[in-house]
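Proteins get letters first, then strands, A, B, ... in listed order; numbering begins at 1 in each.
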2 protein chains.
Amino acid sequence: MPTKKETYHHGDLRNALLAAAESVLAETGPEAFSLRAVARRVGVSHSAPAHHFGDTAGLLDALATEGFRRFLAAMEAEQAVAGDDPKERLIGSGMGYVRFAESAPALLQLMFGPGRKPDEASPELQQAAGASFAHLVDACRALPGAESRPEAELWADVYARWSLVHGLANLLMSGRLKTAPEGTGLDREAFVHSIVRRIAT
Amino acid sequence: MPTKKETYHHGDLRNALLAAAESVLAETGPEAFSLRAVARRVGVSHSAPAHHFGDTAGLLDALATEGFRRFLAAMEAEQAVAGDDPKERLIGSGMGYVRFAESAPALLQLMFGPGRKPDEASPELQQAAGASFAHLVDACRALPGAESRPEAELWADVYARWSLVHGLANLLMSGRLKTAPEGTGLDREAFVHSIVRRIAT
DNA sequence: CCATCCATATTGACACTGTCAAGATCAAGG
DNA sequence: CCTTGATCTTGACAGTGTCAATATGGATGG
């Protein structure tokens, strides 16, 4: 298998740059992110990325788009193993959300952080982000009794659940919940789960 | 009143730099933040900030510290006008939280965003952030029946409420809830309030 | 009053960054 | 074979953070 095509028009620079960018972002943090460092890591000239992504924002937009796709996949995967009960499925999505945040914090920061506002984003990014949102809405509408609830409450439900999981993910990422509080007798995973559970009440 | 002391050892450079930094952050966004631009705005040399803050991280740490103090003040103010009912007081704090987020989004991003991890932060920052957290815990423990709840549930309550409000604030800041969803018949403020209310259930 | 000292601010330099224009290199098709 | 267009490199430019060396001026002590 030709793992690395030395065609010297590299062959797959775009994806290589995306992968390298994610590594750099995860290792050095968003503050120290450098386009030239990404190019260096791939072994290509400092200005090669421009041809594929235009500028820094272009690269990060593309990376965020890929992030949203994997994000959705993570939620769907956890939902799938959760079985048939709509409540358990919603909780599964929530745990997928949180687990994604822990496995790729820099990526999620990029996706939801400042810059990259939902409007004024590329169509692909909007589409990928919209699909994630639709996933949440579907999971909420599948709950028993959702049909009979007034529209205003239903939307408040959606955003309250999103807020809770999103906020928890952010607190975890920013290191504000490195361990379950003393006195709970729980490990971190169980404590997190006991919080996420509340979106299904 | 000597609004501007032209003492030419400027007199109050530290605070002037903090104020300018906040403006730059709010106007140009965190990505484009530049230490030299801050110095320029105050009208001092590019390297003057170093003497007061060491480096960029030092300035931002100091700004985040000030942010946490104002953040706590905002919550306390809203709590004060909420009256005596512990539930209403908790909701007031929550609304103070999101209002602060809307009035100074860049600042809150700075306070909770990546970089500036709670450990490895300056003692003053830790103290200011800790005071905000204590405020939340107090508001939760003041709720009726809190005493009799098991410790694990009480902590889960605390973090679930924090998560919800924190997540909602972040969604608002990142432009993901610019207006109440259609069909709710609510304006944005009322919709936000209907979500924040849920922390007192 | 004057000299000294030290926090405060400036200047200049260095390596690094993002972006742009111009050139080189390669793959494929007429 | 040779032209064409996409891909990548080279070189330049302005701007950045940080450091060392220098200037400045307000306070303190004689």
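Within residues 50-64 of chain B, the residues that have a heavy atom under 4.0 Å from DNA chain D are, in order of number, B:D55, B:T56.
Side-chain N/O atoms of B:S34 include one lying less than 4.0 angstrom from OP1 or OP2 on D:dT16.
Between the P atom of C:dT8 and the CG atom of B:D12 lies a distance of 12 Å, rounded to the nearest Å. The CZ-P distance, from B:R36 to C:dT10, rounds to 13 Å in whole Å. Atom CG in A:L17 sits roughly 12 Å away from atom P in D:dT7 (whole-Å rounding). In this structure, B:R40 places its CZ atom 13 Å from C1' of D:dG17, rounding to the nearest Å. If you take CZ of B:R41 and P of D:dG15, they are 17 Å apart, rounded to a whole angstrom. Per the geometry, CG belonging to A:L35 stands 14 Å off P belonging to D:dC8, to the nearest Å.
Judged by distance alone, with hydrogens and angles left aside, B:H46 brings no side-chain donor or acceptor close enough to the base of D:dG15 to form a pair under 3.5 Å.
Between the side chains of A:T65 and A:E124, no donor N or O sits under 3.5 Å from an acceptor N or O. One side chain, A:S174 or A:R176, offers a donor N or O that lies under 3.5 Å from an acceptor on the other.
Every residue two or more places apart in sequence or in another chain was checked for a ring-ring contact (aromatic ring centres under 6.0 Å, His included) with A:F33, and none qualifies.
The closest donor-acceptor contact from the side chain of A:R161 to the backbone of A:I199 lies under 3.5 Å.
No side-chain heavy atom of A:L143 sits less than 4.5 Å from a side-chain heavy atom of A:D157.
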